[in-house]
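Counting starts at 1 for both ligands and their atoms, following the listed order. As the structure is a computational prediction, the values presented were derived from the model and not from experiment. Numbering starts at 1 and runs along the sequence shown.
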Amino acid sequence: MLCMADLRVSYLGLSLDNPVVVSSSSLTNTAEKVAACAKAGAGAVVLKSLFEEEIEAEIAETARDSVEHTEAADYIRELQTGAGLKRYADVIRGAKGAVSIPVIASINAVSSNWWEAHVPRLESAGADALELNISLMPYDYHKDDEEVAAFYVKTVEAVRKLVSIPIAVKIGHYFSSIPALVDKLKWAGADAVVLFNRFYRVDIDTDSLTLTSASPMSSPEEIALPIRWISLMYGREEVELAASSGIHDGKGVAKVLLAGAQVAQVCTTLYRNGLDRIGVIKGDLEVWMDAKGFASIDDMRGRLSRKMSDRPETYERLQYVKALVGWE
Ligand SMILES: Cc1cc2nc3c(=O)[nH]c(=O)nc-3n(C[C@H](O)[C@H](O)[C@H](O)COP(=O)(O)O)c2cc1C
């Protein structure tokens with residue numbers, strides 16, 4: 001059977017050949033790796049995040065080996081930050097020179113506004129859009145929901161004033177009201193919200209009685225999170241929703257698009273199966289779309305969202321009540 005499905009999508013005002021985006025990770029930390037993603041058929045790539053912590057660590061290392069004099073230390077700080085940013089800008093420039101798919105830069109914002117002054121350099125290096133990887137660990141007993149949300153909003157507002165390229169904001173799911181936050185981010189200037197980042201996870205080693213790190217890789221079951229929130233929020237005007245977490249195959253991409261995602265970001269499945277997986281995912285998606293009679297992605301997007309449902313209450317269900325869901 002001849003495949004007719006049209007996989008083209010727009011995301012952040014950019015034209016993508018298909019909705020499969022390689023998400024921010026070490027799969028995208030050099031121009032060569034970005035070129036390999038494009039060759040494998042990715043619709044777009046998000047570069048590995050530029051982390052404040054990494055640059056700070058480099059600064060601390062140099063400062064320890066050299067001087068304590070404040071002026072000199074300030075000078076070193078400036079040089080190191082400049083060097084870190086130059087390296088990142090070089091990756092953007094190299095990637096843009098090597099591929100024709102959109103290249104989205106990513107910057108991690110955790111605390112201070114050190115990065116604010118540098119964001120314009122990412123735009124002038126040629127990034128097509130910026131993904132703000134904002135991550136605050138909400139462990140503080142004295143910081144309530146509003147304060148945490150205010151940090152996100154303030155960050156987006158600041159960046160919005162500094163660049164004219166589109167901005168996506170990538171968030172985790174530790175919020176008491178995700179729709180309220182998404183709305184605030186939209187008003188602050190975000191063009192898209194990526195749901196969800198998957199943070200460093202901890203585990204406990206019961207033999208050595210130590211805290212350890214859990215695997216950074218996701219399982220396909222984790223797709224339930226983006227499906228839940230994207231299907232609930234699809235249709236809110238002026239903000240696109242991108243899915244990340246647990247998308248491992250063509251059916252996974254189909255699911256998040258049906259929920260209402262603009263694009264599907266993939267990571268773990270590429271670490272596990274190699275970049276050729278992108279072609280397999282796209283092929284499976286096309287075959288599935290043909291079988292279901294969907295001619296284009298726009299045709300299917302949001303079909304299973306709350307907005308398009310005649311039983312919207314099913315999207316609001318939180319508890320397993322035996323009488324409703326049939327589990328003994
Ligand atoms: C090894 C590794 C490195 C990652 N680095 C970043 C990063 O620099 N910035 C970021 O926003 N997300 C980063 N992520 C998160 C991924 O982009 C993605 O959101 C997450 O893994 C969930 O997608 P998945 O289920 O397809 O793996 C990283 C994930 C992994 C596994």
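When only non-hydrogen protein atoms are considered, atom 31 (C) of ligand 1 lies nearest to Pro216 O, 3.7 Å. Counting only heavy atoms of the protein, atom 5 (N) of ligand 1 lies nearest to Lys48 NZ, 3.0 Å. Nearest protein neighbour of atom 1 (C) of ligand 1, counting heavy atoms only, is Tyr271 OH, 3.5 Å. Ranking protein heavy atoms by distance to atom 20 (C) of ligand 1, first place goes to Arg198 CB, 3.7 Å. Of the protein's non-hydrogen atoms, the one nearest atom 18 (C) of ligand 1 is Ser244 OG, 3.5 Å. Here the protein heavy atom with the shortest distance to atom 17 (O) of ligand 1 is Ser24 O, 2.7 Å. Closest protein heavy atom to atom 26 (O) of ligand 1: Cys267 N, 3.0 Å. For atom 25 (O) of ligand 1, the closest heavy atom belonging to the protein is Ser218 OG, 2.5 Å.
The heavy atom nearest to atom 3 (C) of ligand 1, out of those in Ser219, Ser49, Ser25, is found in Ser25.
Taking only nitrogen or oxygen atoms, main chain and side chain alike, Asn133 reaches within less than 3.5 Å of ligand 1. Checking only distances, Thr269 never comes within under 3.5 Å of ligand 1, N or O to N or O. Ligand 1 has an N or O atom lying under 3.5 Å from an N or O atom of Gly246, backbone or side chain.
Side-chain contact between Ile247 and Val253: present, with at least one pair of heavy atoms (C-beta onward) separated by less than 4.5 Å. Side-chain contact between Pro19 and Lys282 is absent, with no heavy-atom pair separated by less than 4.5 Å.
With Pro226 as reference, Ser245 is the one residue of Ser244, Ser245, Ser231 to meet the side-chain contact (heavy atoms from CB on, under 4.5 Å) rule.
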Derivation of the side chain to side chain contact (heavy atoms under 4.5 Å, CB included) call for Ser135 and Asn108: CA-CA 7 Å; Ser135 41; Asn108 172 249; 3.1 Å; yes
side-chain hydrogen bond (donor to acceptor under 3.5 Å, both in side chains) between Thr269 and Arg277, worked out: CA-CA 7 Å; Thr269 191; Arg277 183 74 168 179; 3.1 Å; yes
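Contacts with ligand 1 closer than 4.0 Å are made by side-chain heavy atoms of Lys170 only, the backbone lying farther away. Under 4.0 Å from ligand 1, heavy atoms of Thr268 appear from its side chain as well as its backbone.
The side-chain hydrogen bond (donor to acceptor under 3.5 Å, both in side chains) analysis of residues 178-194, with sequence neighbours excluded, yields the pairs Arg160-Asp191, Asp183-Arg236. Listed by first then second residue, pairs satisfying ring-ring contact (aromatic ring centres under 6.0 Å, His included) with a partner in residues 230-272 number zero, not counting sequence neighbours.
A salt bridge links Asp6 with Arg8; the closest basic N to acidic carboxylate O contact falls under 4.0 Å. Ionic pairing of Arg87 and Asp90 is not present here: no N-O contact between side-chain nitrogen and carboxylate oxygen is shorter than 4.0 angstrom.
Contact atoms of ligand 1 toward Asn197: 11 (O), 12 (N), 15 (C), 19 (O) (distance under 4.0 Å to a heavy atom of the residue).
Residues Arg228 and Leu318 come closest through the heavy atom pair NH1-CD1, 3.5 Å.
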